[in-house]
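Letters A, B, ... are given to chains in the order of the sequence lines, protein chains preceding strands, and every chain is numbered from 1. Below, all heavy atoms of this structure are taken into account, side chains as well, without hydrogens, waters or symmetry copies.
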2 protein chains.
Amino acid sequence: MEWEKGEAIWKQIGRLLLQDITAGVYKPGDKLPTENELAKRFGVNRHTVRSAIAALTEDNVMRVEQGRGTFVQESLMDYTLGSRTRFSQIVSGRHRLPDKTLLSSEREKATKQVAKKLMVARDEKVIKLESVSQADGIALAHSISYLPALRFKGIEKVFAETKSLTEAFKYFGLNDYTRKNTRITAQMPSKRTAELLKQAKNKPVLITESVDVDATGKVIQFGITHFASERVQLFVDNESTSPLS
Amino acid sequence: MEWEKGEAIWKQIGRLLLQDITAGVYKPGDKLPTENELAKRFGVNRHTVRSAIAALTEDNVMRVEQGRGTFVQESLMDYTLGSRTRFSQIVSGRHRLPDKTLLSSEREKATKQVAKKLMVARDEKVIKLESVSQADGIALAHSISYLPALRFKGIEKVFAETKSLTEAFKYFGLNDYTRKNTRITAQMPSKRTAELLKQAKNKPVLITESVDVDATGKVIQFGITHFASERVQLFVDNESTSPLS
DNA sequence: GTTAATTTGTTCGTATGTATC
DNA sequence: TGATACATACGAACAAATTAA
């Protein structure tokens, strides 16, 4: 390997690696060769390769995990938590194809937690919907939604067809609803969630618990969503909010 | 052990366990005796104890971890992500004593990421502050803050004394600032973060990346905060925001 | 569950060329 | 010219995390 004079070797190596990535030799999520292999390939010291990797990591092009290797960084989908957050809009706004698959639906009695969130009586019947959200066929989130059964009888069929809760709500004459609040926690994924999200078991999931209300302020949905932290980051924008809050 | 008639035994056991917890026999985070031990103590079948535990878990009083045991649930501190989020206000609003300790401060050149977030030139000097936030002596968060060095020369001394960035800003004539936005991800903690937060290494941390601006919109701080997911949950309130967002 | 191999992270030391005062 | 600082590059050794046997 011959190096141009006047430019640091590690910068030149960085450009070569970047070329490989943009050319698709290494795809998002792929593991790069080890530092020793790269050092051998470029005929330089391992530290020189590390300098190049450090610069590309800083640029968010790759990601290094101690003991595992260096990986091409997947772009994280920004999921904005606003009062009118809509999954399909977020995904299609990124020029990716949204899809939401209904895994199961059940009618059951509200547990204490669900009854409180939905503001219905304990033991009132609720509909439980379980779904997986995808963008371009890549799983992003695994959700469980609870809705009051009285108001939305049979919504699971409409949801399964339209693949959208927003659309299903419209079928029930509900043309608009807003997110009241969102609570965010992090946990290790259950086996089932890890499988559904096709996510590493040793990477956490971001969990949101949210409450949606209709125009009159009536609660229409309580949802628990598990996001693949490898592919999604949540985003809160305070610029468009009132300065009084 | 004698049981009252007319009330299910598991309910009575549940009440006894709840009494133990409120009395402080078992403190938040403590491990309860195993189901078999409890069954022996109460002279009932293990499944009866399990019914009691299931009810208390539903009430968020305790938490069961397969293969590990049953634990008294720590109450999660709600950390609201608003435009005027202030750590000390959030904590003292919960009648807990806030404290922020400066771990280290450095002057260094802005990396590409920091320069972009702070909207300063690459290579401009920035101040890096590392701190741990506590409530009642319990660590909640580990933060790294970047500030433009030109504007806030020597702020680390004021911060170390006042233990508050808000107060330190006032020293520089900056009486008000707002949170522009927040990005939320989840990761496994580094060894150092786990130690500082006194958190289990196999529990994730919630990470926020936030940008603060002064009244004129100038960026004054870029902060990365790691929250102990065992003790903090983030909260987004959409009710007090403009419906246009 | 333990051990061993693999891979990245950190810290020494050494040497060289370049820019600056 | 000298003194100094800084970035670059290499080598060796060890620490820490992960994975596989």
Side-chain angles (χ1 to χ4, degrees), chain A residues 1-18 20-21 25-74 186 188-189 191 194-195 198-205 228-230, chain B residues 65-69 103-104 106-115 121-126 128 130 142 144 149 185-205 207 224 226 229:
Chain A
M1 187 79 48
E2 292 132 32
W3 303 110
E4 301 288 333
K5 280 173 116 180
E7 189 187 24
I9 295 177
W10 65 263
K11 284 191 181 174
Q12 301 182 47
I13 291 177
R15 206 170 40 248
L16 289 173
L17 289 174
L18 188 58
D20 278 354
I21 290 169
V25 178
Y26 307 120
K27 298 194 178 58
D30 279 3
K31 185 178 175 304
L32 293 170
T34 67
E35 294 176 350
N36 278 322
E37 283 169 352
L38 288 173
K40 204 171 166 188
R41 164 178 157 194
F42 291 119
V44 297
N45 188 276
R46 183 174 153 236
H47 287 299
T48 310
V49 172
R50 282 177 62 79
S51 293
I53 291 176
L56 290 167
T57 301
E58 167 71 23
D59 288 353
N60 219 35
V61 173
M62 45 186 69
R63 155 178 55 89
V64 184
E65 296 182 31
Q66 188 175 10
R68 300 227 308 139
T70 305
F71 302 84
V72 180
Q73 179 64 43
E74 309 89 337
M188 300 315 287
K191 197 183 166 197
E195 281 166 4
K198 294 179 186 63
Q199 197 197 249
K201 282 190 303 185
N202 58 351
K203 296 279 178 68
V205 287
S229 66
E230 288 178 325
Chain B
E65 296 184 29
Q66 195 175 47
R68 296 226 307 139
L103 296 180
S104 70
E106 280 172 271
R107 258 176 69 98
E108 55 185 38
K109 282 191 197 164
T111 63
K112 207 170 270 185
Q113 183 201 24
V114 171
R122 185 93 163 76
D123 296 357
E124 191 176 311
K125 281 286 174 65
V126 295
K128 177 183 176 181
E130 188 189 15
H142 173 215
I144 293 173
T185 55
Q187 277 179 26
M188 300 315 287
S190 67
K191 196 186 168 195
R192 176 171 164 73
T193 299
E195 282 167 2
L196 286 170
L197 294 179
K198 293 178 186 63
Q199 196 197 252
K201 281 194 305 182
N202 58 350
K203 297 281 177 63
V205 287
I207 304 175
I224 301 172
H226 294 234
S229 67

For A:A186 and B:A186, which heavy atoms make the closest approach, and how far apart are they? CB-CB, 3.9 Å
Classify the nucleic acid contact of B:K109 as base, sugar-phosphate or nothing, counting any heavy atom under 4.0 Å across all strands shown. sugar-phosphate
When you look at A:H47 and A:E35, which way does the side-chain hydrogen bond (donor to acceptor under 3.5 Å, both in side chains) test go after all the steps? CA-CA 9 Å; A:H47 287 299; A:E35 294 176 350; over 6 Å; no
Identify whether the distance between the nearest side-chain nitrogen and carboxylate oxygen of B:R192 and B:E130 falls below 4.0 Å. yes
Quick one: do B:K112 and A:E58 make a salt bridge, cutoff under 4.0 Å? no
A:W10 CH2 to D:dA7 C1', straight-line distance once rounded to whole Å: 10 Å
For atom CE of A:M62 and atom P of C:dT7, their distance in whole Å: 17 Å
Strictly under 4.0 angstrom, non-hydrogen atoms only: write out the protein contact profile of nucleotides 10-21 of chain D, one letter per nucleotide from the 5' end, B, S or -. BBB---BBSS--
Run the numbers on A:D59 and A:L18 for side chain to side chain contact (heavy atoms under 4.5 Å, CB included), then give the verdict. CA-CA 11 Å; A:D59 288 353; A:L18 188 58; over 6 Å; no
How long is the line joining NZ of A:K5 and P of D:dT8, in whole Å? 17 Å
Return no unless some side-chain N or O of A:T70 is found under 4.0 Å from OP1 or OP2 of C:dT8. yes
First locate atom CD1 of B:I144, then atom CD1 of B:I224, and finally report the distance between them rounded to the nearest 0.5 Å. 6.0 Å
Counting primed atoms, P, OP1 and OP2 as sugar-phosphate and everything else as base, the B/S/- map of nucleotides 16-21 of chain C against protein heavy atoms under 4.0 Å is ------
So do the side chains of A:F42 and A:T48 get within less than 4.5 Å of each other, counting heavy atoms only? no
Would you mind telling me which of A:K27, A:R15, A:R41 makes a salt bridge (charged side-chain N to carboxylate O under 4.0 Å, His left out) with A:D20? A:R41
